[in-house]
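Along the sequence shown, residues are numbered consecutively beginning with 1.
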Amino acid sequence: MQNNLTLKSFFMGGFECADHINRSGVRINLQKETLHHIKVFEDYKALKNIGINVVREGVCWSSVEVAPYKFDFTEVKSFLKAASYLDIQIIWDLCHFGYPDGLFPTHPQFTDRFVAFCEQFTIFYYENSQQALWLVPFNEISFLSWHSGDMRGTVPFAVNSGWDIKYHLCRAAILGIKAIRAILTDTVILAIEPLVKVHPAYDNVELSEVAKINNFQFQAMDIIMGRECPELGGNESLLDMLGFNYYYNNQWKQNNEILPWPDLNGSLTPLSELLLTAQKRYNLPILLAETGHFGSLRVLWLKEVVTECLKAINLGVDLRGMCIYPVIDRPDWDDLTSFSNCGLWDMDCNGNRIAFVPYIQELLKGQILFKKTFSSN
């Protein structure tokens, strides 16, 4: 499918939109915890003022499906109005980890209700927006299946079930994409997954086993594209673009020891090489769909990531954008009183946005570097 894959800015801003049930069994909604749902115009305008014209948002399935197969997208309209007025382009996550109450991927109604959600949101969007629709069915299927199926991090709070949950999430994604395209054929569909690297833990480890572990990160994309589990009906045409999320703890040893960052001894594989691996595997346009860090180190992190993304482009990676995630500080999923100090703007106790100026300045430097790179190509 040849859709228009033009983005309105290389740098993008991501807003935390997780709405799942946390380890304490409590429903969270980080759009509301950060007050983004009522400050959306202010937040978009702030991004616009620093040259960011693309955002990642969440529809929050748990909020909009008010009863089984019944949807209310009223709250989403404020996002569309702000985006239209300020000419902001939105990439929507239909599910950013949260499901409606009582629902989980292996539930017999899960796929049917997700497909209905896809259909109803697409119709709503068509009736309320003039912009092309960009959609991510499920953010990070690999992480979500591990977090909920092996680590008891959210529903169904399971262990030894990661593959089963991944399989059912991919099934729902495939059928959801087909339902969306049946309504709006030019919808841009993305799959977004973590970008990781597992390193050998011991000198005598079997490298083929490590390679097998590293391939797991691509499994959900492979299934959606029909390269694995063809009985689910995936095919290459279902995805237009791929997104990869990369953070400081995305590389570890086979024994689960996280490799430290900053990387003082050259232990980490450069991000540019990881992006090139993904490019060669799929030959599709790529986004760095989430990246960021905490405290004062977020400045150094962004500087390094910008350098690596420029290297990736020079290596031939078709990198279309980089998303700072999140742009507004967020609380911890399992302790909503603990904030991370990770945004372009942090928050005070009243929800006021407080610019972290060094981070924003580093972003502006990065914009200049990418502008020079793209103008010379």
Side-chain angles (χ1 to χ4, degrees), residues 1-9 12 53-61 64-65 69-73 76-77 79-81 83-84 87-96 110-141 168-193 220-244 279 281-287 289 318-321 323:
M1 171 126 349
Q2 298 297 317
N3 293 336
N4 184 353
L5 303 182
T6 301
L7 290 160
K8 293 183 177 180
S9 63
M12 303 178 286
N53 301 306
V54 183
V55 298
R56 284 192 64 193
E57 290 282 14
V59 181
C60 293
W61 186 8
V64 300
E65 189 173 2
Y69 302 100
K70 183 178 179 180
F71 300 90
D72 183 353
F73 298 108
V76 181
K77 284 187 178 181
F79 292 76
L80 295 181
K81 289 179 180 177
S84 176
D87 194 27
I88 292 288
Q89 185 177 11
I90 301 178
I91 300 173
W92 293 97
D93 286 1
L94 289 180
C95 178
H96 196 106
F110 183 86
T111 295
D112 288 344
R113 284 173 62 177
F114 182 71
V115 169
F117 174 35
C118 291
E119 291 172 337
Q120 291 304 308
F121 180 74
T122 304
I123 293 169
F124 160 80
Y125 189 89
Y126 176 76
E127 293 174 346
N128 289 275
S129 178
Q130 300 300 311
Q131 295 194 42
L133 178 57
W134 289 55
L135 280 181
V136 181
F138 294 100
N139 180 62
E140 293 190 329
I141 287 176
H168 283 82
L169 285 170
C170 289
R171 176 176 182 266
I174 289 166
L175 293 175
I177 293 168
K178 290 179 179 179
I180 292 163
R181 288 262 175 79
I183 298 168
L184 276 181
T185 58
D186 61 347
T187 301
V188 177
I189 303 291
L190 301 89
I192 293 180
E193 294 292 322
M221 290 176 173
D222 284 351
I223 293 172
I224 294 171
M225 298 177 78
R227 300 183 179 188
E228 192 170 337
C229 303
E231 71 277 7
L232 294 182
N235 64 74
E236 301 277 345
S237 69
L238 293 183
L239 299 177
D240 300 295
M241 186 178 288
L242 304 178
F244 294 95
Q279 177 73 69
R281 185 182 184 99
Y282 295 109
N283 195 31
L284 284 174
I286 285 176
L287 301 178
D318 187 6
L319 187 64
R320 302 292 181 93
C323 183

Exercise for the section: Please report the C-alpha distance between Arg320 and Thr6 in whole Å, then the side-chain angles of each, then the deciding distance to 0.1 Å, and finally whether the side chain to side chain contact (heavy atoms under 4.5 Å, CB included) criterion is met. Expected result: CA-CA 8 Å; Arg320 302 292 181 93; Thr6 301; over 6 Å; no
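- The two residues Glu193 and Ala220 have their closest heavy-atom pair at OE2-CB, 3.7 Å.
- Note that SG of Cys60 is 11.5 Å distant from CZ of Phe73, once rounded to the nearest 0.5 Å.
- Closest approach of Gly233 and Leu238 over heavy atoms only: O-CD1, 4.4 Å.
- Relative orientation of the Phe121 and Tyr125 rings is tilted, given thresholds of 30° and 60° on the angle between their planes.
- The backbone N or O of Arg181 sits nowhere less than 3.5 Å from a side-chain atom of Thr185 that would complete a donor-acceptor pair.
- Under a 3.5 Å cut-off, the side chain of Gln120 and the backbone N or O of Phe124 do not form any donor-acceptor pair.
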Problem - Candidate pair Leu239 and Met225, rule side chain to side chain contact (heavy atoms under 4.5 Å, CB included), full reasoning - result: CA-CA 7 Å; Leu239 299 177; Met225 298 177 78; 3.7 Å; yes
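- When atom types are taken as modelled, the side chain of Glu228 and the backbone of Asp222 share no donor-acceptor pair closer than 3.5 angstrom.
- Using a distance-only test at 3.5 Å, with no hydrogens or angles considered, a donor-acceptor pair links the side chain of Gln131 to the main chain of Ile88.
- Expressed to the nearest 0.5 Å, how far CG of Leu135 lies from CH2 of Trp92 amounts to 9.5 Å.
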Problem - Test log, rule side chain to side chain contact (heavy atoms under 4.5 Å, CB included), inputs Ile180 and Leu94 - result: CA-CA 12 Å; Ile180 292 163; Leu94 289 180; 4.2 Å; yes
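- Distance alone, capped at 3.5 Å, places no donor-acceptor pair between the Asn53 side chain and the Ser9 backbone.
- Looking at Gln279, its side chain does come within 3.5 Å of a backbone N or O of Asp318 through a donor-acceptor pair.
- In this structure, Ser84 contributes its side chain and Lys81 its backbone to no donor-acceptor pair below 3.5 Å.
- Phe117 and Phe71 have parallel rings, their planes meeting at less than 30° on a 0 to 90° scale where 60° marks the start of perpendicular.
- From Ile177, atom CD1 reaches atom CD1 of Ile189 across 5.5 Å, with rounding to the nearest 0.5 Å.
- Under a 3.5 Å cut-off, the side chain of Glu57 and the backbone N or O of Asp93 do not form any donor-acceptor pair.
- Between Asp72 and Lys70, no side-chain nitrogen of the basic residue sits less than 4.0 Å from a carboxylate oxygen of the acidic one, so the salt-bridge criterion is not met.
- For Lys77, the NZ atom sits in a loose shell: 12 or fewer heavy atoms of surrounding residues, nucleotides or ligands are nearer than 6.0 Å.
- Counting heavy atoms of neighbouring residues, nucleotides and ligands inside a 6.0 Å radius, atom OH of Tyr69 exceeds 12 of them.
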Problem - Intermediate values then yes/no, ring-ring contact (aromatic ring centres under 6.0 Å, His included), Phe110 and Trp61 - result: CA-CA 12 Å; Phe110 183 86; Trp61 186 8; 5.4 Å; yes
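- Around CD of Glu231, the count of heavy atoms belonging to other residues, nucleotides or ligands within 6.0 Å exceeds 12.
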